[in-house]
Amino acid sequence: MPVKEEGTILIHTENIFPIIKKAVYSDHEIFIRELISNSVDAIKKRKMAAFAGDCVAADDEKIKISIDREHKTLTISDNGIGMTSDEIKKYINQVAFSSAEEFLEKYKQPDDGFIGHFGLGFYSSFMVAEEVEIITKSAKNDSQAIKWKCNGSPQYTLDESDKEEIGTDIILHLMEEEIEYIEPSRIKTLIKKYCDFMPIEISLEEEVINKMNPPWRESKQNLKDEDYIELYKYLYPFQGDPLLWVHLNTDYPYNLQGILYFPKISGRADWESGEIKLFCNQVFVSDSIKEIVPRYLLPLRGVIDSPDIPLNVSRSALQSDRRVKSIGNFIAKKLADKLKTLKKDETQFYADIWDSIAPFIKIGAMEDEKFAEQVKDIILYSTTKVPVEDNEENNELVKSGSKTFTTLEGYKNRLTDENKKILYSTDEVSQSTALNMWTSQGKEVLKLDTVIDTQFIPWLEEKNKEINFVRVDSELDESIKDDSPEIADKDGNTKSETLKKIISSALNNEKVTVQIQNLKGDNSPPSLILLPEQMRRINDITALMEQKLPGLPEYHNLIVNSNHPLIQGLLKLNSNQIVIEGSSKSEEGQLASDIAIHVYEMAKLSIGGLENKDIAAFQNRNAELLGKLMKNFV
């Protein structure tokens, strides 16, 4: 057949082909997405043209992938609208960019991180092929089939073809280093990744290899819970069932569909990587969409499908795009609406999943003012309060397993103190002494014991300035002190003054302030170390800046409970001492001093104030002290 035409592809620079081959996409495999997307577009165009009466409709809509191992070719065929000779010259031979020079500069920087480049479409085939042929026949009446060929240089040939079926075949003569793309398993993997939910049947070796019908394009009324769970397990195999999901669907002011899932997170979530998959008209684009959704939603999973997210711009441009910001706000609002509905209508289920969804909500509230306003009333807190049968307060409490949850408003409604103090604990083990002391007096304590809570508490204080947040080991309340007047002894000293003198003398440490208190309740400890709230926070911040765990500050307060049997025994032991002539301290006095030191070290141990190197010495002194005490009974 004689050559009908030879020519030069109209491009702004002859460097475009090497750049397409080497720099446009970090993964050459994207070519399959681009070419099949073009085929889907061609099929849709034929359908529209046939509906208007401009051409004959196809009997069925299909895309076929063929492999020829002998000639090392991969062919993608469709029965779409096809192209005439003039259309090939217009759409294939003119690689037109609005600003070629800027384009080239951008692509010379591979780290710029472009999300997708659908604009190049067909020319992505030159990333894997040393030569590309197009054999096409237009759906227009009496059209001549055309064959176009190019070897990756600006030169091309355009011939007539004997193709009889309407549509287009793209034949890729693969480069030696890209021969992997004639393996059926490789092609199936790529179709599943990029084209699984395209609306047109894609076949390979007579086998349909795509699912076609994406659930997120369906109406919520047409889907059952099983459909949502099936999609989740298909997208994220071996991850178990999701906790809940949100179906997104809007066509104004932008077009967006999707399904987002709250996963069961075990361990620490990665708040930077992201698990949500971005689609454009059912074509997979990326699973890195940090610039589209707020950071606190990145650990969510699922799909966002929108043709209105610009894909041919850099990530930095996406971050400042107004439409993209609006889409992010829309997604956050829909999630908040879903959570509020759950809290209201399925309170028990909401409490059961709270620990898993709490990180999303708390971080979101701290980072997004609008989101905070939407979720502030549905944030739950684990509490020491136990629901009582037939009590009105039960309406503000919900049990889940061994935990009881409340809202902040519920806690505030139960407060009787004028100063509106909210007690909280960050570690039930290390703060158990102080925690038991408060709860034994009937005080309610919130358990804010996750890593996030160390940042969340100051945020809560900023938003609730009418109340004070006080950790259980920060200060004492007048309600747990017994302020009965003390009687002075014959020397004019009260019990508290005598105890303070004994313990201060034994410790011999000016940095430890000893305070004697008569505490109420059988569960009140013999002693405890308290750090004022602000002092402790400064200590924690300092430790964080120095990249170490918070320790016990050198200057701190030791509270000694004069109502405890151990302390009363200490006082009695001291009063019964007999000093032998020639010795500085009696046996009873030395024992009282040892017990005083032991009381202090127990207080340090209960808050993790004893370092590892001090534990062995504490154990030895404890054994010696027990030995001395046993002498009096053996």
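A donor-acceptor pair under 3.5 Å links the side-chain atoms of Asn210 to the main chain of Ile200, judged by distance alone. No donor-acceptor pair under 3.5 Å is formed between the side chain of Gln257 and the backbone N or O of His247. A donor-acceptor pair is defined here as one N or O able to donate and one able to accept, closer than 3.5 Å; no such pair exists between the side chain of Arg217 and the backbone of Asp305. Distance alone, capped at 3.5 Å, places no donor-acceptor pair between the Trp148 side chain and the Glu133 backbone. The main-chain N or O of Ser326 is found under 3.5 Å from a side-chain atom of Tyr254 such that the two form a donor-acceptor pair. The backbone N or O of Pro242 sits nowhere less than 3.5 Å from a side-chain atom of Tyr228 that would complete a donor-acceptor pair. Of the possible polar contacts, one joining the Asn79 side chain to the Asp60 backbone as a donor-acceptor pair under 3.5 Å is found. The closest donor-acceptor contact from the side chain of Thr189 to the backbone of Ser185 lies under 3.5 Å. With hydrogens and angles disregarded, no donor-acceptor distance shorter than 3.5 Å links the side chain of Asp368 to the backbone of Ala365. Side-chain N or O atoms of Asp196 include none that pairs as donor or acceptor with a backbone N or O of Lys193 at under 3.5 Å.
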Let me see the working for Ile361 and Leu339 under side chain to side chain contact (heavy atoms under 4.5 Å, CB included), right down to the final yes or no. CA-CA 10 Å; Ile361 298 176; Leu339 294 171; 3.7 Å; yes
_Residue pair Arg186, Glu180: steps toward the salt bridge (charged side-chain N to carboxylate O under 4.0 Å, His left out) verdict_ = CA-CA 7 Å; Arg186 182 76 168 108; Glu180 64 184 276; 2.6 Å; yes
- Task: Could you give me the CA-CA distance, side-chain angles and deciding distance for Lys370 and Asn329, then say whether side chain to side chain contact (heavy atoms under 4.5 Å, CB included) is met?
- Result: CA-CA 8 Å; Lys370 290 182 179 178; Asn329 291 336; 4.1 Å; yes
ask   = Please walk me through it: do Leu243 and Tyr261 pass side chain to side chain contact (heavy atoms under 4.5 Å, CB included)?
value = CA-CA 7 Å; Leu243 294 172; Tyr261 297 88; over 6 Å; no
Given Lys333 and Asp337, is the salt bridge (charged side-chain N to carboxylate O under 4.0 Å, His left out) satisfied, shown in steps?
CA-CA 6 Å; Lys333 183 180 184 304; Asp337 290 343; 3.0 Å; yes
Exercise for the section: Determine, step by step, whether Lys376 and Glu373 satisfy the salt bridge (charged side-chain N to carboxylate O under 4.0 Å, His left out) criterion, reporting the C-alpha distance in whole Å, the side-chain angles of both residues, the deciding distance to 0.1 Å, and the verdict. Expected result: CA-CA 6 Å; Lys376 64 180 182 179; Glu373 189 62 28; 2.9 Å; yes
| task | Any chance you could lay out the side chain to side chain contact (heavy atoms under 4.5 Å, CB included) test for Asp453 and Phe456, step after step, and finish with the verdict? | result | CA-CA 4 Å; Asp453 287 327; Phe456 191 62; 4.1 Å; yes
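Heavy-atom contacts from other residues, nucleotides or ligands closer than 6.0 Å to CD of Gln348 number more than 12. For Lys338, the NZ atom is densely surrounded, since the number of other residues' heavy atoms within 6.0 Å is greater than 12. Atom NZ of Lys340 has more than 12 heavy atoms from other residues, nucleotides or ligands within 6.0 Å. Atom CE of Met48 has 12 or fewer neighbouring heavy atoms from other residues, nucleotides or ligands inside a 6.0 Å radius. Residue-environment remark: CG (Asp59) stays at or below the threshold of 12 foreign heavy atoms within 6.0 Å.
In this structure, Cys150 SG and Glu131 CD are separated by 8.5 Å, a value rounded to the nearest 0.5 Å. The distance from the CD1 atom of Ile309 to the CG atom of Leu256 is 6.5 Å, given to the nearest 0.5 Å. Here the CD atom belonging to Gln144 is positioned 4.0 Å from the CD atom belonging to Glu160, to the nearest 0.5 angstrom. In this structure, the separation between CD1 on Ile76 and NZ on Lys64 is 13.5 Å, given to the nearest 0.5 Å. Note that CG of Leu297 and CG of Leu260 are 8.0 Å apart. Values are rounded to the nearest 0.5 Å.
Using a 4.0 Å cut-off between a side-chain N of Lys or Arg and a carboxylate O of Asp or Glu, Arg295 and Glu367 qualify as a salt bridge. Taking the charged nitrogens against the carboxylate oxygens, Asp159 and Lys149 have no contact shorter than 4.0 Å, which rules out a salt bridge. In summary, Asp241 and Lys233 engage in a salt bridge, as defined by a charged side-chain N under 4.0 Å from a carboxylate O. Lys72 and Glu178 are not joined by a salt bridge, as no carboxylate oxygen comes within less than 4.0 angstrom of a charged side-chain nitrogen. Under 4.0 Å is where a charged nitrogen must lie from a carboxylate oxygen, and between Glu183 and Arg69 at least one such pair does.
Every residue two or more places apart in sequence or in another chain that forms a side-chain hydrogen bond (donor to acceptor under 3.5 Å, both in side chains) with Gln221 is listed here: Ser219. Shown here are the side-chain hydrogen bond (donor to acceptor under 3.5 Å, both in side chains) partners of Ser39, two or more places apart in sequence or in another chain: Asp78.
Annotation: side chain of Asp287 is in contact with side chain of Phe284 (closest heavy-atom distance under 4.5 Å). Put simply, the side chain of Ile146 does not reach to within 4.5 Å of the side chain of Ser161, judged on heavy atoms. Looking at Met83 and Ser138, their side chains never come closer than 4.5 Å, going by heavy atoms from C-beta outward. Side-chain contact between Val208 and Ile202 is absent, with no heavy-atom pair separated by less than 4.5 Å. Counting only heavy atoms from C-beta outward, the side chains of Leu74 and Ile187 approach each other to under 4.5 Å. Between Tyr156 and Ile92, the closest side-chain pair of non-hydrogen atoms is not below 4.5 Å. Within the 4.5 Å cutoff, side-chain heavy atoms of Leu231 are placed close to those of Ile259. Side chains of Lys47 and Glu61 form a contact here, defined as non-hydrogen atoms less than 4.5 Å apart.
Relative ring orientation between Trp354 and Tyr350 is described as tilted, the plane-to-plane angle lying within the 30° to 60° band. Taking the six-membered ring where the residue is Trp, Phe197 and Tyr234 present perpendicular rings, their angle passing 60° and hence far from 30°.
For the side chain to side chain donor-acceptor pair (under 3.5 Å) with Thr136, the qualifying choice from Thr84, Asp169, Thr168 is Thr168, the only one to do so. For the pairing with Ile65, the side chain to side chain contact (heavy atoms under 4.5 Å, CB included) check across Thr75, Ile191, Leu190 returns one residue only, Ile191.
Taking the six-membered ring for Trp, Tyr296 and Phe360 have ring centres at least 6.0 Å apart. When ring centroids are compared, Phe31 and Tyr181 come within the 6.0 Å threshold.
Glu87 approaches Gly82 most closely through the heavy-atom pair OE1-O, 3.9 Å. Between Phe371 and Gly364, the shortest heavy-atom distance links the atoms CD2-C, 3.5 Å. Taking all atoms of both residues into account, the shortest heavy-atom contact from Phe126 to Asn151 is CE2-C, 4.1 Å.
Note that Arg301 lies in the cation-pi zone of Tyr236, set by a 6.0 Å cut-off to the ring centre and a 45° limit from the axis.
For Tyr194 and Glu29, the side-chain atoms include at least one donor-acceptor pair closer than 3.5 Å. For the residue pair Ser306 and Asp308, no side-chain donor N or O sits within less than 3.5 Å of a side-chain acceptor on the partner.
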